[in-house]
Number of protein chains: 2
Amino acid sequence: MDTDPRQRLIASATALLTDEGVEAVTLRRIAREAGVSHGAPLRHFAGRAELLSAVATTGFAELRRRGENLPGSAPRERLLAACRAYLGFALDNPAMFELMFRHDLIDAAEPELASTNTAAFDHLSELVGAAQRDGWRAGTDRRLLTASLWAALHGLAELWLWGGLDGTRVRATLDVTLETYLG
Amino acid sequence: MDTDPRQRLIASATALLTDEGVEAVTLRRIAREAGVSHGAPLRHFAGRAELLSAVATTGFAELRRRGENLPGSAPRERLLAACRAYLGFALDNPAMFELMFRHDLIDAAEPELASTNTAAFDHLSELVGAAQRDGWRAGTDRRLLTASLWAALHGLAELWLWGGLDGTRVRATLDVTLETYLG
DNA sequence: GCCGCCTGTAGACGGCGTCTACGTCGCAGT
DNA sequence: ACTGCGACGTAGACGCCGTCTACAGGCGGC
């Protein structure tokens with residue numbers, strides 16, 4: 001059964017997020033969606049930021065899940081698939097992706113979020129490390145290389161979200177980025 | 001003299017932005033800062049988005065200005081300097097940079113903003129074109145290459161703003177990115 | 001001299017996050 | 001069996017916010 005009020009509120013918030021975007025996810029609308037009074041959410045979360053942090057945590061978990069079930073066996077092939085998975089996540093869940101990186105809406109210090117968060121980064125870092133052991137850019141510092149690659153993907157997603165890149169062109173641009181790093 | 005009320009409001013908003021961050025830039029606070037009543041700004045701007053768009057326009061203009069006075073004469077040298085300038089702008093004006101890419105706060109369709117905006121992109125595109133004519137990645141589509149490079153820089157700035165990269169590490173990561181693209 | 005526009009004021013409305021006081025169960029301890 | 005308490009929810013208030021409307025002064029052009 002799913003009578004845990006925390007989970008119900010997170011579910012309502014997530015539905016609101018994917019349906020109407022990040023601006024629609026207010027405490028009062030979440031409460032209405034869940035069929036409770038406007039003050040009820042504060043019985044289970046210290047404030048709006050804490051509830052949204054819980055929602056974002058599920059987003060990071062899903063992102064990490066996508067980064068684990070990767071096709072391919074060669075390290076560089078797997079790293080490439082992970083990069084495509086990152087952008088695929090952003091394209092499939094634009095509102096969630098936006099929320100996950102809105103530091104004014106969520107509390108980055110929230111422990112559960114922070115751990116899920118760094119876990120996703122560490123996973124990418126491991127893929128980079130495996131590719132390096134395979135001979136790809138072995139001379140570059142692993143953490144810096146991971147951050148650089150991550151930023152390149154992240155910027156692509158962010159610019160698409162912003163409106164600077166239309167949907168079809170973002171795929172072609174991703175190919176250029178991947179070719180630059182891994183070609 | 002600077003008695004143009006539009007300019008006064010933009011100046012107050014900019015001061016508020018750099019001093020207290022993007023969340024503090026509300027219409028009512030801008031009005032207070034400018035010493036007028038809370039409804040006065042709506043005499044000169046159709047709404048909050050239009051005022052913030054005007055502020056963001058000055059940001060894009062400053063960004064473009066930085067991209068013009070570049071050291072170096074060799075095309076690749078100039079392109080490299082432009083990339084450093086982009087990140088330098090973000091590091092120097094984090095709140096302005098954040099505002100410029102907050103599509104929920106500004107109106108991307110605002111004509112003056114859109115033109116200043118694409119002008120900055122076109123300038124970077126020209127630098128890329130010059131470098132290509134100099135033999136750098138001549139086989140890649142110029143627009144896609146420009147977008148890819150821009151995204152790599154933008155993501156770096158965005159992740160730093162988000163908190164994922166500390167200030168010193170962002171410089172080192174930028175070096176890795178530039179080495180990847182231009183090395 | 002009068003009209004109209006520019007600029008600004010003051011108040012209202014609904015929505016927001018948050019706080020507080022108040023209910024209402026169900027269940028554990030004596 | 002009664003009591004007390006903790007989990008859960010309600011209702012109202014407060015001070016923000018953006019926006020709308022009604023109103024007032026000031027000043028140049030007919």
Side-chain angles (χ1 to χ4, degrees), chain A residues 1-57 95 98-99 102-110 113, chain B residues 1-57 95 98-99 102-110 113:
Chain A
M1 200 68 94
D2 182 57
T3 53
D4 180 4
R6 269 182 74 100
Q7 294 305 319
R8 267 192 299 137
L9 289 167
I10 292 176
S12 298
T14 306
L16 217 39
L17 177 65
T18 61
D19 285 355
E20 304 190 33
V22 74
E23 306 159 41
V25 190
T26 69
L27 277 182
R28 293 171 112 102
R29 291 212 54 184
I30 296 168
R32 242 175 286 154
E33 194 84 3
V36 292
S37 70
H38 71 269
L42 294 181
R43 292 277 143 215
H44 307 281
F45 298 91
R48 189 194 181 200
E50 196 169 290
L51 206 172
L52 294 192
S53 295
V55 174
T57 301
E98 183 180 353
L99 173 66
R102 278 285 296 273
H103 62 280
D104 56 324
L105 294 183
I106 68 182
D107 179 15
E110 224 272 330
L113 189 152
Chain B
M1 202 64 99
D2 183 57
T3 53
D4 179 5
R6 269 183 74 101
Q7 295 305 318
R8 265 194 298 139
L9 289 167
I10 291 175
S12 298
T14 306
L16 216 39
L17 178 64
T18 61
D19 285 356
E20 303 191 36
V22 74
E23 306 158 42
V25 190
T26 69
L27 278 182
R28 292 171 112 101
R29 290 212 55 185
I30 296 167
R32 240 175 287 152
E33 192 85 2
V36 292
S37 71
H38 71 270
L42 294 182
R43 294 277 142 213
H44 307 281
F45 298 91
R48 189 193 182 202
E50 195 169 293
L51 205 173
L52 294 192
S53 295
V55 174
T57 301
E98 182 180 356
L99 174 65
R102 279 286 294 274
H103 63 281
D104 57 324
L105 293 183
I106 69 182
D107 178 16
E110 223 272 330
L113 188 151

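Quick note on labels: first sequence line is chain A, next is B, and so on, each numbered from 1.
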- Query: Are any non-hydrogen side-chain atoms of B:R102 and A:R102 less than 4.5 angstrom apart?
  - Reply: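 When only atoms from C-beta onward are counted, A:R102 and B:R102 do touch, with a gap below 4.5 Å.
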
- Message: Given C:dT7, D:dT10, C:dT18, identify the nucleotide with an atom nearest to the side chain of A:V36.
- Response: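 The closest nucleotide is D:dT10.
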
- Message: Of the listed nucleotides (D:dC8, D:dC17, D:dA22), which one gets closest to any side-chain atom of B:T26?
- Response: D:dC17

Could you tell me how far apart [X] ([atom1]) and [N] ([atom2]) are, to the nearest whole angstrom?
X	N	atom1	atom2	answer
B:I30	D:dT19	CD1	C1'	14 Å
A:L51	C:dT18	CG	P	10 Å
B:L27	D:dT19	CG	C1'	9 Å
A:F45	D:dG9	CZ	P	11 Å
A:H38	C:dC22	NE2	C1'	13 Å
B:E50	D:dT19	CD	P	10 Å
B:R28	C:dC16	CZ	P	16 Å
B:R43	D:dT21	CZ	P	11 Å

- Query: Stepwise, does the side-chain contact (heavy atoms from CB on, under 4.5 Å) test hold for B:L51 with B:H44?
  - Reply: CA-CA 8 Å; B:L51 205 173; B:H44 307 281; over 6 Å; no

May I ask you to evaluate whether [X] reaches the phosphate of [N], defined as a side-chain N or O under 4.0 Å from OP1 or OP2?
X	N	value
A:S37	D:dA11	no
B:R32	D:dC17	yes
A:R48	C:dG17	yes
A:R8	D:dG9	yes

- When only distance counts, do a donor and an acceptor, one from the side chain of B:H44 and one from the base of C:dG8, lie under 3.5 Å apart?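 By the distance-only test, no, there is no pair.
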
- Task: Check whether any side-chain N or O of B:R6 sits under 3.5 Å from a backbone N or O of B:F45 as a donor-acceptor pair, and report yes or no.
- Result: no

- Of B:V55, B:L17, B:V25, the one forming a side chain to side chain contact (heavy atoms under 4.5 Å, CB included) with B:I30 is B:V25

- Query: Touch check for B:R29, heavy atoms < 4.0 angstrom, all strands: base, sugar-phosphate only, or nothing?
  - Reply: sugar-phosphate

- Closest-nucleotide ordering on DNA chain C, the 5'-leading residue of B:A40 and A:G39: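 It is B:A40, whose closest nucleotide lies nearer the 5' terminus.
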
- Query: Quick one: side chain to side chain donor-acceptor pair (under 3.5 Å) pairs with a partner in residues 19-36 of chain B, sequence neighbours left out?
  - Reply: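 Sorted result for residues 19-36 of chain B: B:E20-B:R29.
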
